[in-house]
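To start, the structure itself, in structure tokens.
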Amino acid sequence: MIKKALTLISAVVLAMACQQTVKYSGPTYLDQNAPLEDRIQDAISRMTLEEKVAVIHAQSKFSSAGVPRLGIPELWCTDGPHGIRAEVLWDEWSQAGWTNDSCVAYPALTALAASWNPEISALYGKSIGEEARYREKDVLLGPGVNIYRTPLGGRNFEYMGEDPYLASKMVVPYVQEVQKNGVAVCVKHFCLNNMEENRHGYDVVVSDRALYEIYLPAFKAAVLEGGAWSIMGAYNLYKGQHLCTNQYILNDILKGEWAFDGAVISDWGGVHDTDEAITNGMDLEFGTWTDGLTMGKTNAYDNYFLAQPYLAKLRAGETSEDILNEKVARVLRLMMRTAMNPDKPFGALCSDEHIAAARKIGDESIVLLKNDGDVLPVDLASTKKLLVVGENAVKMMTVGGGSSSLKVKHEVLPLEGIKARVGDAAEVIFERGYIGDVGGTFDGVTTGQDLRDARSEEQLIADAVAAAKEADAVIFIGGLNKADHQDCEGTDRRELGLPYAQDKLIAALAEANEKLAVVIISGNAVAMPWVEQVPAIVESWYGGSQAGNSLADVLFGDVNPSGHLPFTFPVSLDDTGVHSLGGYPEEMKTVEYKEGLLVGYRWADTKNVKPLFAFGHGLSYTTFEWSEAKASATSIKSVQSEVATSVEAEKAAKKSSAITFKLTVKNTGKRAGAELVQLYVSDTECSVERPQKELKAFQKVYLQPGESKVVELSICEDDLRFFDETKHAWVSEKGEFNAIIAASASDIRQTIPFTLK
């Protein structure tokens with residue numbers, strides 16, 4: 001009998017381990033195939049007041065309660081957006097001590113944006129979604145699409161760059177592919193969360209035009225095109241209200257104008273008031289009193305703002321149950337799409353396919369910024385002694401940086417990837433060069449590395465220079481890391497320059513060996529006072545589990561670099577609108593976005609500021625030839641004022657009046673490679689101030705040596721509109737426009753005038 005019982009238990013455990021869907025076998029109220037909204041309303045009609053309140057706030061660090069009596073399961077969240085976070089204890093950030101919760105770390109989202117390839121974004125979403133599904137997670141807390149406003153932003157590495165159009169196009173495939181796994185994305189941090197200092201306390205002042213044209217489009221695309229099932233509010237304030245409980249952003253825009261039907265989830269600790277949480281759009285409260293559960297572990301969750309305090313108001317008749325039912329409906333809708341979805345695939349964890357995906361994403365993201373004298377790719381036929389310098393060549397980057405910190409099975413470090421690729425073809429020597437962050441622990445996950453070094457700064461540089469003089473080629477691998485005041489949640493950078501005397505080291509290496517390639521690992525732009533001295537520069541981002549292999553692929557020419565910058569590299573902070581106008585105050589209480597629309601390349605263009613490296617810039621090991629672009633028409637007919645019989649009819653009318661620009665791109669070199677064609681639009685005369693040009697289309701084409709392909713880029717009336725604050729509407733004005741065909745924001749190839757009639 002005991003043996004049979006143990007066998008039965010083993011079978012159940014095995015079924016759970018294999019991710020088999022176990023259907024609820026208790027009372028059945030509505031058929032599983034009944035319309036979703038009918039099932040939601042039926043469940044609400046059967047729930048007690050206490051059960052309703054229980055499902056709209058956390059019961060642990062990462063889960064909220066279900067209704068066991070009705071067969072409604074718990075909802076489990078996990079941090080992303082670059083991988084699935086290791087399991088933590090029920091009430092604490094500390095590790096739970098599991099041995100089977102390692103994941104594949106994918107490149108940071110700045111790297112994904114640098115691929116400029118929606119197909120790569122789809123691969124990213126599919127892969128991370130499968131890992132979340134295997135781990136039985138219902139909500140992936142990501143992706144992040146806050147706009148890169150200042151290069152000091154500590155969390156910029158988690159986002160998709162400075163341009164709303166690029167971020168919009170890259171976020172949609174990620175969302176769609178994650179959710180095919182029955183796992184909801186939670187797009188974050190909605191919105192205006194563009195710096196980390198005093199993130200719970202600063203109040204943003206921004207024009208409606210800048211809000212709608214710069215800071216909302218990527219979120220809107222995730223909701224309306226991607227179909228995101230949940231959204232995470234931000235920590236900071238706007239219009240005097242925290243963004244997790246903000247009437248204008250959550251109710252008026254998200255749920256009103258965009259008709260979002262998913263759940264709004266608070267950032268952990270982002271709710272501060274019961275009344276605002278009730279009325280201002282918050283649906284599911286997480287993480288209140290996250291810093292040690294100050295209310296005590298036994299009653300902390302019951303004392304959340306949307307827990308007992310809310311229940312007391314309901315019982316006293318101080319607030320309507322209709323508002324509660326609307327919140328519960330949104331949470332149940334999220335549950336039924338995820339935890340209660342019987343058709344979810346099995347998922348996979350740390351599979352060969354996922355490791356290959358991480359490497360492919362990394363390969364496509366790396367940006368070749370400069371390559372004078374063909375220093376890259378490294379020629380092993382003439383390189384018998386290769387020197388690698390820099391702490392970032394040997395430092396793990398998947399641990400640290402905040403909530404995106406991960407526990408990986410193995411992280412291929414740059415030096416490891418280089419040595420594996422070189423093999424016996426050359427001698428690879430390593431010199432530390434500088435000492436930066438020797439730590440390697442976050443929330444109980446440790447790298448296991450001991451990076452301590454007793455040498456002085458002068459000795460480290462001297463040793464590296466001496467080795468450089470004896471080497472045939474030198475690769476310096478430095479940049480930023482995930483320590484406080486670098487690329488890290490909760491703090492912003494303090495300067496644009498490289499830390500740890502790296503500038504001094506790079507200049508010394510350049511003088512010692514003319515065959516020098518500098519690799520920057522970062523999620524932000526950095527100053528490069530040595531840019532004229534160094535022949536080759538690479539931006540390698542945070543590459544995840546396969547970082548070292550991806551970097552080696554590009555350095556040795558196995559992969560032709562095709563990444564392009566998703567944000568501008570300024571020469572100095574004063575070359576950005578934010579810092580030039582004083583929009584980054586030290587007090588950090590009221591933050592006025594004085595630059596308005598002029599973020600990134602929009603500022604550089606309009607103010608005629610030459611960047612260090614332009615938005616969209618990226619070189620290749622091959623060469624390309626572009627033909628002259630031809631337009632399918634010379635004008636677009638406005639359909640804005642015409643009465644359409646339906647939304648579909650209006651879309652069809654706009655599409656029929658669009659202009660398509662065609663050009664042929666030919667690979668004229670000896671290597672296969674990819675070229676990126678960008679289309680910007682300029683409004684030559686307008687009743688309001690507009691940026692000099694704005695990105696409106698792009699296409700990346702892959703070509704074998706000698707191969708040609710036709711690139712087609714289209715624009716319609718929607719691409720010409722601006723947000724009219726007086727009308728609170730998107731409008732277009734008839735007149736003359738320019739279509740600008742470019743290889744980057746600074747590399748204009750052709751300008752084609754057209755008219756909006």
Side-chain angles (χ1 to χ4, degrees), residues 116 118 163-166 168-169 209 212-214 217 221 564 597-598 600-602 604-606 608 614-616 624-644 649-666 675-701 708-724 727 729-757:
W116 288 65
D163 185 74
Y165 181 85
L166 175 61
S168 296
K169 291 302 177 185
R209 271 200 72 196
Y212 274 82
E213 293 188 27
I214 302 295
H564 290 252
L597 305 173
L598 304 184
Y601 70 88
R602 289 165 167 80
D605 284 349
T606 307
N608 197 28
F615 171 80
F624 300 96
E625 181 180 272
W626 296 19
S627 73
E628 183 176 321
K630 301 293 184 182
S632 62
T634 58
S635 65
I636 295 175
K637 182 182 177 183
S638 175
V639 297
Q640 179 171 275
S641 60
E642 297 180 4
V643 178
E650 184 179 5
K651 288 181 179 178
K654 290 174 182 175
K655 186 176 181 180
S656 67
S657 67
I659 298 179
T660 298
F661 301 87
K662 292 184 180 181
L663 69 152
T664 300
V665 178
K666 182 179 181 179
E675 179 71 311
L676 176 68
V677 181
Q678 303 161 41
L679 171 61
Y680 298 81
V681 170
S682 174
D683 189 347
T684 62
E685 185 178 352
C686 188
S687 63
V688 297
E689 183 181 7
R690 303 192 73 171
Q692 190 178 98
K693 66 177 183 291
E694 297 177 283
L695 181 71
K696 294 299 178 182
F698 62 86
Q699 186 177 339
K700 196 173 187 179
V701 287
S708 299
K709 285 184 180 177
V710 175
V711 172
E712 296 187 13
L713 301 170
S714 296
I715 56 173
C716 66
E717 183 187 0
D718 280 355
D719 298 315
L720 311 179
R721 293 182 176 183
F722 63 88
F723 190 80
D724 188 318
K727 297 178 180 178
W730 289 91
V731 300
S732 57
E733 293 179 344
K734 65 181 180 180
E736 300 299 319
F737 293 81
N738 284 325
I740 299 169
I741 311 296
S744 78
S746 294
D747 186 357
I748 309 301
R749 301 296 177 87
Q750 189 178 351
T751 299
I752 304 174
F754 67 93
T755 304
L756 175 65
K757 292 185 177 181

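Just so we're clear, the structure is a prediction, and the values are computed from it rather than from any experiment.
- Remark: the backbone N or O of Gln692 is paired with a side-chain donor or acceptor of Ser682 at under 3.5 angstrom.
- Side chains of Leu756 and Glu717 form a contact here, defined as non-hydrogen atoms less than 4.5 Å apart.
- Looking at Asp605, its side chain never comes within 3.5 Å of a backbone N or O of Arg602 through a donor-acceptor pair.
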side-chain contact (heavy atoms from CB on, under 4.5 Å) between Val665 and Lys709: does it pass, once the steps are laid out?
-> CA-CA 6 Å; Val665 178; Lys709 285 184 180 177; 5.9 Å; no
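- Here Phe737 pairs with Phe754 under the ring pair (Phe, Tyr, Trp, His ring centres under 6.0 Å) rule; sequence neighbours left out.
- A cation-pi arrangement is not found for Arg721 relative to Trp730, the charged atom failing to lie both closer than 6.0 Å to the ring centre and inside a 45° cone about the ring normal.
- Annotation: side chain of Lys169 is in contact with side chain of Phe698 (closest heavy-atom distance under 4.5 Å).
- The structure places CD of Glu625 at 6.5 Å from NZ of Lys666, a figure rounded to the nearest 0.5 Å.
- Around the NZ atom of Lys734, the shell of radius 6.0 Å holds no more than 12 heavy atoms that belong to other residues, nucleotides or ligands.
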For the pair Asn738 and Thr684, evaluate side-chain contact (heavy atoms from CB on, under 4.5 Å) and give the outcome as yes or no after the intermediate values.
-> CA-CA 7 Å; Asn738 284 325; Thr684 62; 3.5 Å; yes
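- How far CD1 of Ile740 is from CD of Gln750: 11.5 Å, rounded to the nearest 0.5 Å.
- Residues Pro691 and Leu597 come closest through the heavy atom pair CD-CD1, 4.0 Å.
- With Thr664 contributing its side chain and Ser627 its backbone, the two residues share no donor-acceptor pair below 3.5 Å.
- Between Tyr680 and Ser744, the closest heavy-atom pair is OH-C, 3.9 Å.
- Considering CG of Asp163 and CD of Gln678, their distance stands at 9.5 Å, rounded to 0.5 Å.
- Under the 4.5 Å side-chain criterion, counting only non-hydrogen atoms from C-beta, Glu694 is not in contact with Val681.
- Residues satisfying the side chain to side chain donor-acceptor pair (under 3.5 Å) test with Thr660, not counting sequence neighbours, are Ser714.
- Contact detail for Ala745 and Lys693: the closest heavy-atom pair is O-NZ, 2.7 Å.
- Remark: aromatic rings of Tyr165 and Trp116 are distant, center separation not under 6.0 Å.
- Between the SG atom in Cys686 and the CD atom in Glu736 there is a gap of 13.5 Å [rounded to 0.5 Å].
- For the atom pair CD1 (Ile741) and CG (Leu713), the distance works out to 6.0 Å, reported to the nearest 0.5 Å.
- Proximity of Tyr212 to Pro164: side-chain heavy atoms (C-beta onward) are nowhere separated by under 4.5 Å.
- Using cut-offs of 30° and 60° for the angle between ring planes, the Tyr601 and Phe615 rings count as parallel.
- Taking all atoms of both residues into account, the shortest heavy-atom contact from Val711 to Gln699 is CG1-OE1, 3.5 Å.
- Between the Glu685 side chain and the Gly735 main chain, no donor and acceptor come within less than 3.5 Å of each other.
- Here the straight-line distance linking atom CG of Leu679 with atom CD of Glu712 works out to 12.5 Å at 0.5 Å rounding.
- The two residues Ser687 and Phe722 make their nearest non-hydrogen contact at OG-CZ, 4.2 Å.
- Residues passing the ring pair (Phe, Tyr, Trp, His ring centres under 6.0 Å) test with Phe624, sequence neighbours excluded: none.
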